[in-house]
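Below is one structure, written out as structure tokens; the observations come after it.
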Amino acid sequence: MQIKTAPEALQAVENFTLPDELGFGRVMAPVMVEANYQDGKWSDFNLVPYGPISMLPTAKVLHYGQEIFEGLKSYRIGGNGPFLFRPDQNAKRFNHSARRMAMPEVPVEHFVEAVKELSKVCATIIPRRSGESLYLRPFMFSTEEALGIKPSDSFKFMIVASPSGSYFSGGTISVLIERSAVRAAPGGTGNAKTGGNYAAALEAAIETKKLGHDQTLWLDAITRKNIEEMSGMNFACIIDNKLVTPAITDSILEGITRNSLLKIAPLLDLQVEEKKLTIDELIAAIKEGRCTEAFACGTAAILTPIHQIAEKDGTVYKLSKAPGPKSTALRQALLDIQEGRRESPDPSWVINLG
Ligand SMILES: Cc1ncc(COP(=O)(O)O)c(C=O)c1O
């Protein structure tokens, strides 16, 4: 499969100036990838100038939310690369989400090829300071124009890109435990990357912000005791000198960063444990000084240390080390691999497009 790159797209990149202030996901690259699914097959994949899409008001996605997305990065620190980190895993998770949302799969090779081509075309506009990257956002949505509640028969796949800096500006974050609302339930869509999961978390995000915190920590829907994850990243902590993270269930998104850290930790002599982790156990471990570090991990967050976990009544459990030595070492090892300075545990993880 070859991506067809329009000459106007190359011109658009040439005319683009990277601003000094990037933020996260605010500056858009002037190009995008586009393909359509109709009559049971995918069209060509085209790389074209970034611009609006035209849809009628009855497009099914606007009513029934049949939509999925992914997030990954292309790295070019110090002008090396571009490097991609495990894009095949994003492609596989995309198709897992597609199956759950009754959408067609995108062949893994097409997905990866499209991500590679977009990164190559954008190579000159990928920011170059450590922690910065070209954030890539593949997504797919239903386009059939009809109001009946049934799976769409047509879809659009796109990838847009954003030269980005860090997701959190503060360095460490404060997390609020959500004990009443629920993000995802067993048998639901929590382990698919679909827009509805994120919409369902927004009301809590408003309260989290209002109370002065950065992220919502979700508990399981049934017992309201087991820690699941945050709204856009996984949760992990250091308990008794071990890296502990909630075991994946069907209401937790299986993060590629989380999975990678579980494989990097042993290289840093850090044992790992995936288990059912209750909020009570975490709070007790913080109070007893056995849990000294906790962090958020995800493509956008990279690894961001948590300095406190809070209740809505104002009770705060402070992590004694933020950033702690283990979080710092893990973050550095992960970035060194992603940015092409350190060999990864598996040679297939990093693709050098340079
Ligand atoms: C809900 C949720 N959990 C976890 C993650 C972390 O996943 P990854 O490490 O693959 O970015 C993300 C980000 O994609 C997410 O949106």
Side-chain angles (χ1 to χ4, degrees), residues 24-25 67-75 84-97 100-101 111-112 115 131 133-140 159-160 162 164 166-168 173 175 178 181-185 188-202 204-205 208 214-221 226-237 243 245-265 272 274 277 294-304 306 327 330-331 333-335 337-338 344 349-350:
F24 184 88
E67 185 272 354
I68 59 169
F69 66 99
E70 267 303 323
L72 69 164
K73 288 172 169 175
S74 186
Y75 306 85
L84 286 170
F85 184 68
R86 309 187 74 185
D88 57 318
Q89 297 303 306
N90 294 95
K92 286 180 186 152
R93 190 171 65 189
F94 192 73
N95 286 338
H96 167 81
S97 303
R100 179 63 183 85
M101 300 305 290
F111 183 104
V112 172
V115 159
S133 59
L134 182 70
Y135 181 77
L136 302 163
R137 167 55 59 87
F139 60 109
M140 178 181 13
I159 312 178
V160 293
S162 170
S164 290
S166 26
Y167 189 77
F168 293 114
I173 57 170
V175 164
E178 177 56 69
V182 159
R183 174 188 176 273
T189 58
N191 70 350
K193 213 163 158 58
T194 182
N197 293 338
Y198 297 81
L202 292 177
T208 297
D214 303 292
Q215 274 287 309
T216 311
L217 183 62
W218 296 99
L219 306 179
D220 77 286
N226 304 320
I227 296 175
E228 298 221 303
E229 60 176 322
M230 283 164 281
S231 303
M233 49 211 71
N234 291 115
F235 175 85
C237 56
L243 171 58
T245 187
I248 295 296
T249 67
D250 70 353
S251 47
I252 299 178
L253 190 81
E254 184 163 11
I256 295 159
T257 314
R258 171 190 176 282
N259 175 282
S260 306
L261 287 170
L262 288 173
K263 290 176 178 151
I264 293 169
V272 299
E274 297 173 78
L277 175 63
F295 57 83
C297 58
T299 299
I302 313 174
L303 182 161
T304 303
I306 294 169
S327 314
L330 280 167
R331 178 185 159 96
L334 175 68
L335 275 176
I337 292 168
Q338 292 174 327
S344 53
W349 278 14
V350 175

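We're numbering straight along the sequence, starting at 1. Read the numbers this way: they start at 1 and go in the same order the structure lists the ligands and their atoms.
- Of the possible polar contacts, none joining the T299 side chain to the L72 backbone as a donor-acceptor pair under 3.5 Å is found.
- Evaluation of the side-chain contact (heavy atoms from CB on, under 4.5 Å) rule for T216 yields E178, A204, T208, W218, S231 as partners, not counting sequence neighbours.
- Residues satisfying the salt bridge (Lys or Arg N to Asp or Glu O under 4.0 Å) criterion with E274, sequence neighbours excluded, are R258.
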Considering only distance and modelled atom types, tabulate donor-acceptor pairs under 3.5 Å from the side chains of residues 188-195, sequence neighbours left out.
residue, atom, partner, partner atom, Å
T189, OG1, N197, OD1, 2.8
K193, NZ, Y198, OH, 3.1
T194, OG1, E67, O, 2.6

Would you tabulate the polar-atom pairs, meaning N/O of ligand 1 against N/O of the protein, with distances under 3.5 Å, reported to 0.1 Å?
residue, atom, partner, partner atom, Å
ligand 1, 3 (N), E229, OE1, 2.5
ligand 1, 9 (O), I256, N, 3.2
ligand 1, 9 (O), T257, N, 2.8
ligand 1, 9 (O), T257, OG1, 2.6
ligand 1, 10 (O), R93, NH1, 2.8
ligand 1, 10 (O), R93, NH2, 3.0
ligand 1, 10 (O), I256, N, 2.8
ligand 1, 11 (O), T299, N, 2.8
ligand 1, 11 (O), T299, OG1, 2.6
ligand 1, 14 (O), K193, NZ, 2.7
ligand 1, 16 (O), K193, NZ, 3.0
ligand 1, 16 (O), Y198, OH, 2.5

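- Aromatic rings from F24 and Y135 are positioned such that their centres are separated by under 6.0 Å.
- Contact annotation: the side chain of Q215 never approaches that of T304 to less than 4.5 Å [non-hydrogen atoms, C-beta and beyond].
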